[in-house]
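Single-structure report; data block below.
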Amino acid sequence: MAELSVEHLLGIKYLKEKDINLIFKTADHFKEVINRPIKKVPSLRDITIANLFFENSTRTKLSFELAEKRLSADVINFSAGQSSVKKGETLIDTVNNILAMKVDIVVMRHASVGAGVFLSRHVDAKIINAGDGTHEHPTQALLDSYSIREKLGNVKGKKIVIVGDILHSRVALSNIYALQLQGAQVKVCGPTTLIPKYISSLGVEVETNLKKALEWCDVANVLRVQNERMDIKYFPSTREYTQLFGINQDILDNLGKKIVIMHPGPINRGVEITSDVADSNESIILNQVENGVAVRMAVIYLLAQQVKR
Ligand code: CP
């Protein structure tokens with residue numbers, strides 16, 4: 001059976017194109033499974049998975065938990081807010097206590113960049129990065145590419161613009177790596193203050209005019225402004241941000257072509273995207289959420305094949 005070339009899913013940066021193809025092929029199978037009347041397979045009956053969320057999450061946490069349960073794994077959940085982390089326990093102590101309970105796979109979201117890599121060097125379990133600070137969110141990028149492939153037939157050759165707060169976004173960086181690995185062209189669009197200085201070194205062009213960016217692209221992946229990661233003002237006001245970078249139906253109607261609208265969530269309706277666009281036929285936002293379960297089932301299933309029994 002084909003195997004992933006990596007021992008953990010720490011970032012898209014570490015994957016090869018063949019890994020993405022294998023994950024998508026496996027996800028195709030699981031997407032069929034989750035649309036059956038009985039949405040569950042016994043594949044991981046002997047696997048225990050811990051979901052460690054040190055940062056808030058709705059979609060990713062629920063999606064991983066559902067994916068694990070659909071695979072019949074045993075699942076334990078941990079949220080930092082209700083844990084002994086509040087009493088000063090270190091990350092390694094927390095995780096080692098959980099692993100002492102014979103856990104095979106750890107899914108972790110953490111505010112620190114590189115937390116997943118750090119963990120993978122110190123504990124004997126498969127690690128899946130569910131978002132590390134402003135760095136990477138690999139399963140989000142995988143489900144985004146999977147959704148583009150489903151909607152447009154292929155990712156190769158497609159033009160994708162990522163709009164919004166690129167500077168603080170782990171979704172942006174993982175998407176850039178994933179899309180380029182599959183042969184897509186990527187541009188970013190947003191206020192200059194929210195575009196990282198290193199972006200050109202990734203082979204990504206910057207377009208600060210939203211209309212031009214949308215005229216160029218096949219797909220717009222819209223990101224929210226991450227106010228919780230900002231300790232200074234990056235633009236004068238939310239109103240001005242929306243005027244310059246908010247996507248509304250008028251802008252889309254004037255493009256003279258249809259483009260696909262994506263958003264990883266959570267959405268700030270009326271700021272980066274209007275409700276009519278988010279809920280329109282061009283939007284695949286809920287398809288992304290549905291595909292997230294199948295893609296995460298695929299990642300977990302493939303890593304579980306490497307667990308020594
Ligand atoms: N897309 C995403 O990561 O959403 P959550 O923060 O709700 O998990």
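Just so you know, these numbers use all the heavy atoms, side chains as well, and skip hydrogens, waters and symmetry mates. Read the numbers this way: they start at 1 and go in the same order the structure lists the ligands and their atoms. Predicted, not measured: the structure shown is a model, and the values here were computed from it. Positions are given from 1 along the sequence.
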Test side chain to side chain contact (heavy atoms under 4.5 Å, CB included) on V219 and I259; report intermediate values, then the result. CA-CA 5 Å; V219 178; I259 61 168; over 6 Å; no

Please report which non-hydrogen protein atom sits nearest to [atom], along with the residue it belongs to and the distance in Å to one decimal place.
| atom | result |
| --- | --- |
| atom 6 (O) of ligand 1 | R109 NH1, 2.9 Å |
| atom 1 (N) of ligand 1 | P264 O, 2.9 Å |
| atom 4 (O) of ligand 1 | R59 NE, 3.1 Å |

E55 near ligand 1, heavy-atom distance under 4.0 Å?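 It does not, in that no heavy atom of E55 comes within the 4.0 Å cut-off of ligand 1.
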
May I ask whether G265 has any heavy atom positioned less than 4.0 angstrom from an atom of ligand 1? yes

Is the distance between the ring centroids of F78 and F54 under 6.0 Å?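 Judged by ring-centre distance (under 6.0 Å), F78 and F54 do meet the cut-off.
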
Contact check: T58 vs ligand 1, nitrogen or oxygen atoms, below 3.5 angstrom: yes

Under 3.5 Å: N/O of P266 near N/O of ligand 1: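 Min N/O separation from ligand 1 is not below 3.5 Å for P266.
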
Taking atom types as modelled, is there a side-chain donor on E89 or T94 under 3.5 Å from an acceptor on the other? yes

Give the atoms of ligand 1, by number and element, whose distance to some non-hydrogen atom of H137 is under 4.0 Å.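 Contacts of ligand 1 toward H137, numbered from 1: 2 (C), 3 (O).
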
Within ligand 1, which atoms have a heavy atom of T60 less than 4.0 Å away?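 With T60 as reference, the close atoms of ligand 1 come out as 2 (C), 3 (O), 4 (O), 5 (P), 8 (O).
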
Check the orientation of Y234 and H168. Use parallel for under 30°, tilted for 30 to 60°, and perpendicular for over 60°. perpendicular

Report the C-alpha distance between I49 and D74 in whole Å, list the side-chain angles of each, state the deciding distance to 0.1 Å, and finish with yes or no for side chain to side chain contact (heavy atoms under 4.5 Å, CB included). CA-CA 6 Å; I49 304 178; D74 289 322; over 6 Å; no

Other residues, nucleotides, ligands: >12 heavy atoms within 6.0 Å of K257 NZ: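 Yes, NZ of K257 has more than 12 neighbouring heavy atoms, counting only those of other groups under 6.0 Å.
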
Consider side-chain hydrogen bond (donor to acceptor under 3.5 Å, both in side chains). Of D279, D276, T274, which one does R269 pass it with?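 Between R269 and the candidates, side-chain hydrogen bond (donor to acceptor under 3.5 Å, both in side chains) is satisfied uniquely by D279.
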
